Amino acid sequence: MSHDGGRTETSVDRIMAEGRASGSDRRSVVQGNVAAATLVADIVETTLGPRGRDKVVYRKPEKEEEGLDDYFQVTNSGAYILKNVPFEAPAASMVARVAAAQDDRHGDGTTTATVYAGRILAAAGDLIERGFHPRTVIDGIDGAVPLIDDAIDVAAVPVDDGDRDRVADVVHTTLGGTVAEPLADRLVAWIHDAAADGSLDPETVHAESLRAGSLSDSEFVDGLVLKKSFAGNYQPSSLTDATIAMTTQAVTASQQVGGRVESDAGSDAGKTQSLQVSATDAADLQRFTEYERGVIAERVQPLVDAGVDVLLAANRVDEDTVAHLDRHGIAVVRNADEARLRALAAATDGTLLPHLGAFEASDAGTVGGITRREYPEVEQEAIFLRNLPGNLASVLLHGSTWMAGWEAKRNVNAAVAAAASALETGQIVPGGGATEMAIAGHLRDAAPGVGGRESIVIEAIADAVEAVPRLLARNAGMDPTDAILDLRTAHSRGEKDASVLGLKRELGHALDAGVVEPAAFKRGSVYTAAGAATTVLRIDDVITGIDVTVRESP
């Protein structure tokens, strides 16, 4: 071995182009990864709870013409922060990605999962510093997860679609302290009706924001709102008992004519992408134009025969086709969001077609009423589709700034996801840190029975889980130490829902106050945090300079 600048160089280092990030000191690697990962939790922990603070997520503009709105966002969404902040340390980036996946799976709970992971890793780092082997700590974490699961089961309260008050509590808890809270009661009423069969699909509620008026002008719409205008000259202000057709493919003249020519040649029309036409004089061009119009008319005639009132396309519709549909009294909406058209098709008993050539009368959907509304102050229009046969709802959020609308959309989507999760599993748990206090107590009671050093790990995890009520108290402006001591006392007396009521800045009973969360969110946060923590602790080296270019075999 040789020495370079005080660092021992091993034989492994000498055969590497770039080397190892921290040499042969594997303990320092673990501690460095733990420090980097806990930093992720430090960033988002102040956003936790109804009194959480906001963050400004900023990126450098890529183009000089970009406006201010294009490169910064004010939010308290842990998921948004973790998905958009570029963490340099691999361990930090890994924890951020794993925690953000909580939002993708459940629709909420990312910040809680991140706090769990950060505090568990911080406790693990202290234990390793005291001489605990990382494998012992990992085994302790793995052993704590089923104990936490048991504690959640004990704390859980049953809920079903008939329990309107508890579903309302879930929505109000999610929206508490947010700009969308005034819409909570109407959202609850719709959820109750939509979940009459005991289930709720989060995809049946869509939030849309409009930079017009104030948030007090926001409205709940039983149906779908598209922030679109009708193309062409036919601009109906309202339609009753309307028939609609929906497609994902672009509807263009060249596509229609290309399909016709290839079809005549015996090829599959759906595979045609373009058509080249050679013309020697004006007469040739005129004949082709007339032929093109004839093909368009033939292709859209099934819509006319079926009495379609509106064509909604998830792609472009060219002007010639729009003009032809105009003449037949068919309004056109183009470039609509495909996911919303898919939900609309399900709610109207229609079919979202891959191309109009497949249209049959049975593919049309029915809408009780369609209205068009103008917002001249922002040069914007919106189309409202109401009285649908199936379940579909929209929340149209108004605001003077785009950020307020964006944040409100996120909160509404989280509230719907929470209600859907509660109904799907039939379980909720008391919020405000009450469940965390119950988990911590259960872990401390169970630790002596585990024995060995793993029992010390489990006790450390109990302290880590208590970080949630501690942060809720701190973010609400309360003394966190006093709050934890009082909560421990209350839980020891059997008050299993004693919690931090952040909006009121006091301690109380979560179930009485209606502060509840889906049990699935809590379980998901635990599993996510435990997985992230053990993954970080398994890493004992960081190797750099590896060429990962894929080379073809000779």
Side-chain angles (χ1 to χ4, degrees), residues 45-52 108-109 111-113 115-116 119-120 123 144 147-159 163 165-177 418 422 425 427-447 458-526 529:
E45 65 180 20
T46 57
T47 69
L48 187 67
R51 297 287 185 179
D108 203 0
T111 302
T112 301
V115 170
Y116 283 165
R119 293 308 176 99
I120 290 173
L147 295 174
I148 294 174
D149 217 10
D150 291 341
I152 293 174
D153 279 334
V154 172
V157 176
V159 64
D163 195 346
D165 290 340
R166 284 305 183 202
V167 174
D169 289 342
V170 171
V171 173
H172 280 282
T173 300
T174 307
L175 297 182
T425 62
Q427 284 187 325
I428 56 174
V429 292
T435 302
E436 281 76 13
M437 295 302 302
I439 289 171
H442 185 66
L443 290 177
R444 292 191 182 101
D445 291 341
I458 290 175
E459 289 179 354
I461 294 173
D463 294 337
V465 170
E466 278 187 353
V468 169
R470 188 182 296 274
L471 288 171
L472 289 173
R474 190 187 73 183
N475 292 346
M478 303 165 63
D479 184 282
T481 302
D482 289 345
I484 291 297
L485 292 175
D486 290 343
L487 287 175
R488 286 180 180 175
T489 300
H491 277 258
S492 68
R493 293 195 302 258
E495 300 174 27
K496 298 303 183 182
D497 66 336
S499 66
V500 177
L501 304 181
L503 287 176
K504 296 181 178 180
R505 289 193 175 95
E506 64 184 25
L507 303 183
H509 292 92
L511 295 178
D512 292 341
V515 179
V516 296
E517 304 172 64
F521 281 14
K522 198 66 69 179
R523 284 194 175 87
S525 296
V526 169

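Nothing here was measured: the structure is a model prediction, and the numbers come from that model.
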Nearest heavy atoms of Asp482 and Asp479, plus distance in Å:
N-OD1, 2.8 Å
Enter the distance from Asp153:CG to Ile148:CD1 here, rounded to the nearest 0.5 Å.
12.5 Å
Taking the side chain as C-beta and beyond, is there a heavy-atom pair between Asp149 and Val526 under 4.5 Å?
no
Considering non-hydrogen atoms only, spot the tightest contact between Gly433 and Leu472 and give its length.
N-CD1, 3.6 Å
Just how far is it from atom CG of Leu147 to atom CD1 of Ile461, taken to the nearest 0.5 Å?
9.0 Å
All salt bridge (Lys or Arg N to Asp or Glu O under 4.0 Å) counterparts of Glu45, not counting sequence neighbours
Arg119, Arg474
Within the 4.5 Å heavy-atom criterion, are Val157 and Val516 side-chain neighbours or not?
no
Is a side-chain donor or acceptor of Asp497 paired with a backbone partner of Leu511 at a separation under 3.5 angstrom?
yes
Side chains of Thr489 and Glu495: closer than 4.5 Å at any heavy-atom pair?
no
Should Met478 and Leu507 count as side-chain neighbours, where that means a heavy-atom distance under 4.5 Å?
yes
How close do Ala422 and Pro518 get, counting heavy atoms only, and between which atoms?
N-CB, 4.1 Å
Quick one, Ile484 and Glu466 - any side-chain contact, counting heavy atoms below 4.5 Å?
yes
From NE2 (His442) to CD1 (Ile439), nearest 0.5 Å:
9.5 Å
I'd like to know if the side chain of Arg51 reaches the main chain of Asn475, judged simply by a donor and an acceptor atom lying under 3.5 Å from each other, with no hydrogens or angles considered.
no
Output yes when a side-chain donor or acceptor of Thr435 lies under 3.5 Å from a complementary backbone atom of Gly431, and no otherwise.
no
Measuring only between side-chain heavy atoms, which start at C-beta, is Phe521 closer than 4.5 Å to Val429?
no
Closest heavy-atom pair, Leu501 versus Gly508, reported as atoms and distance to 0.1 Å, is CD1-CA, 3.8 Å
Looking at every heavy atom in both Glu459 and Ala447, which two are closest together, and how far apart are they?
CG-CB, 3.6 Å
Any carboxylate oxygen within less than 4.0 angstrom of a Lys/Arg side-chain nitrogen, looking at Asp463 and Arg470?
no
Using side-chain heavy atoms (C-beta onward) and a distance below 4.5 Å, is Glu436 in contact with Thr112?
yes
Check Thr174 against Ala418 and note the closest heavy-atom contact, atom names and distance.
OG1-CB, 3.7 Å
Within the 4.5 Å heavy-atom criterion, are Val515 and Leu503 side-chain neighbours or not?
no
